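Written out below as structure tokens is the structure these notes cover.
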Protein chains: 2
Amino acid sequence: MGIIRKTQSIELLLSEFSNSTGAISAIELIKRLSAKVNKTTVYRVLDKLEDDGVVHSFLDKSGIKWYAKCNSCTHAQHFDSHPHFQCLNCGKVDCLEIEVALPNIPNRQVEVSQILIQGNCESCSK
Amino acid sequence: MGIIRKTQSIELLLSEFSNSTGAISAIELIKRLSAKVNKTTVYRVLDKLEDDGVVHSFLDKSGIKWYAKCNSCTHAQHFDSHPHFQCLNCGKVDCLEIEVALPNIPNRQVEVSQILIQGNCESCSK
DNA sequence: TTACTTTTGCAACTTAGTTGCGTTAACAAA
DNA sequence: TTTGTTAACGCAACTAAGTTGCAAAAGTAA
């Protein structure tokens with residue numbers, strides 16, 4: 001569907017993404033904005049932002065949803081196939097700006113792939 | 001903790017895995033065994049089987065848990081880093097017996113990685 | 001300002017998985 | 001074979017993330 005009106009909730013959500021480098025979980029966003037935006041609205045706005053190619057989403061290992069700004073996604077094409085890195089120590093999640101070459105898989109047509117890497121991030125592995 | 005007693009529930013769960021090639025979702029197992037085993041027990045047995053290296057688990061794109069027999073896992077070492085393939089048409093999920101080489105990631109220590117590939121399986125892409 | 005329609009908040013719901021606790025059933029020892 | 005121990009089980013109640021329906025509020029074009 002996409003965004004039609006620039007509302008307050010949308011501005012608030014977008015500014016959360018502007019003020020952050022890594023990914024943010026839906027739950028974290030709901031928590032941060034709880035005073036100003038209802039959780040249903042947060043989920044709905046995130047859906048639309050993803051639909052418009054403004055953000056992309058993925059699940060971490062415990063099944064909760066994370067969102068991050070897209071660098072080069074549009075509504076038509078989602079370049080969200082980069083790996084995501086989650087620090088097991090501090091919990092921070094980032095998009096890795098690298099390409100992972102998947103080997104050809106016999107007799108199967110690949111549509112989407114999702115790579116989640118867990119370990120220790122830069123600050124936590126010192 | 002691991003399995004100490006060979007109970008009926010464990011036998012039932014194990015036979016489900018023996019009679020199947022691909023992965024099976026926890027929900028599917030609960031459904032199949034609903035007449036004989038309580039869902040709490042299914043979850044608990046799966047935990048233990050995973051603990052013992054008999055099966056390994058992963059999440060699909062909608063966040064639900066899948067289990068598959070391990071070919072070469074032990075309690076000490078889980079070789080569950082192969083990719084998983086989920087057919088978007090028939091829903092079937094398989095372990096792919098291939099290695100995916102992850103590029104080195106600067107300044108980060110990789111502990112675990114999880115690769116989920118979605119597309120059309122052999123039977124569905126004809 | 002009006003009229004229209006999107007967006008929002010609320011409450012209630014859904015679904016997967018978890019927890020606490022009293023009961024049942026493996027199984028080793030007698 | 002029986003008994004005692006305790007792992008494993010079933011049940012009900014709970015948790016947490018996310019969804020739905022609907023009436024009210026807020027954008028926006030005219």
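These numbers were taken from a predicted model, which means no experiment stands behind them.
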>> So for the helix from C:dT1-D:dA30 to C:dA30-D:dT1, with five pairs setting each end axis, what is the inter-axis angle to 10°?
In response: 30°

> How long is the gap from CG on A:Asn38 to OH on A:Tyr43, to the nearest 0.5 Å?
Replying inline: 11.0 Å

> Can you name the one residue among A:Gln114, A:Glu97, A:His56 that meets side-chain hydrogen bond (donor to acceptor under 3.5 Å, both in side chains) with A:His82?
Replying inline: A:His56

> What integer distance in Å separates B:Lys48:NZ from C:dA26:P?
Replying inline: 13 Å

> Which ones in residues 7-16 of chain A lie close to DNA chain C, meaning a heavy atom under 4.0 Å from one of its atoms?
Replying inline: A:Thr7, A:Ser9

> What are the residues of residues 32-47 of chain B, sorted by number, that bring a heavy atom to within less than 4.0 Å of DNA chain C?
Replying inline: B:Lys39, B:Thr40, B:Tyr43, B:Arg44

> Does the C:dT6 base have a donor-acceptor partner in the side chain of A:Arg5 within less than 3.5 Å?
Replying inline: yes

>> I need the A:Glu111 CD to B:Ile117 CD1 distance, nearest 0.5 Å.
In response: 12.0 Å

>> Tell me the closest heavy-atom pair linking A:Leu116 and A:Leu59, and the distance in Å.
In response: CD2-O, 4.1 Å

> Base, sugar-phosphate, or nothing for B:Ile27, non-hydrogen atoms under 4.0 angstrom?
Replying inline: sugar-phosphate

>> Distance check, rounded to the nearest 0.5 Å: A:Ile27 atom CD1 versus A:Trp66 atom CH2?
In response: 9.0 Å

> To the nearest Å, how far apart are A:Asp60 CG and D:dA17 P?
Replying inline: 11 Å

>> Any side-chain N or O of B:Lys6 below 4.0 angstrom from OP1/OP2 of D:dA8?
In response: no

> How long is the gap from CG on A:Leu49 to NZ on A:Lys69, to the nearest 0.5 Å?
Replying inline: 12.0 Å

> Given atom OH of A:Tyr67 and atom P of D:dA17, what is their separation to the nearest angstrom?
Replying inline: 14 Å

>> From NZ of A:Lys65 over to C1' of D:dT19, roughly how many Å is that when rounded to an integer?
In response: 11 Å

> In whole Å, what is the span from the CD1 atom of B:Ile30 to the C1' atom of C:dG17?
Replying inline: 8 Å

> For the atom pair CD (B:Glu16) and CG (B:Leu29), what is the distance rounded to the nearest 0.5 Å?
Replying inline: 6.0 Å

> Which pair of non-hydrogen atoms, one from B:Cys121 and one from B:Cys90, has the smallest distance, and what is that distance?
Replying inline: SG-SG, 3.8 Å

> Which of these nucleotides, C:dA25, C:dT7, D:dA17, is closest to any side-chain atom of A:Ile64?
Replying inline: D:dA17

> Atom CD1 of A:Ile4 to atom P of D:dA26: distance rounded to whole Å?
Replying inline: 19 Å

>> In whole Å, I'd like the distance from the CH2 atom of A:Trp66 to the P atom of D:dG18.
In response: 11 Å

>> If I take atom CZ from residue B:Arg32 and atom CG from residue B:Leu12, how far apart are they, to the nearest 0.5 angstrom?
In response: 12.5 Å

>> Could you walk me through whether A:Leu96 and B:Arg108 satisfy the side chain to side chain contact (heavy atoms under 4.5 Å, CB included) test, starting with their C-alpha distance in whole Å, then the side-chain angles of each, then the deciding distance to 0.1 Å, before giving a yes or no?
In response: CA-CA 11 Å; A:Leu96 298 182; B:Arg108 290 181 226 233; 3.8 Å; yes

> Considering all heavy atoms of both residues, which atom of A:Tyr67 and which atom of A:Glu50 are nearest to each other, and what is their separation?
Replying inline: CE2-OE1, 3.9 Å

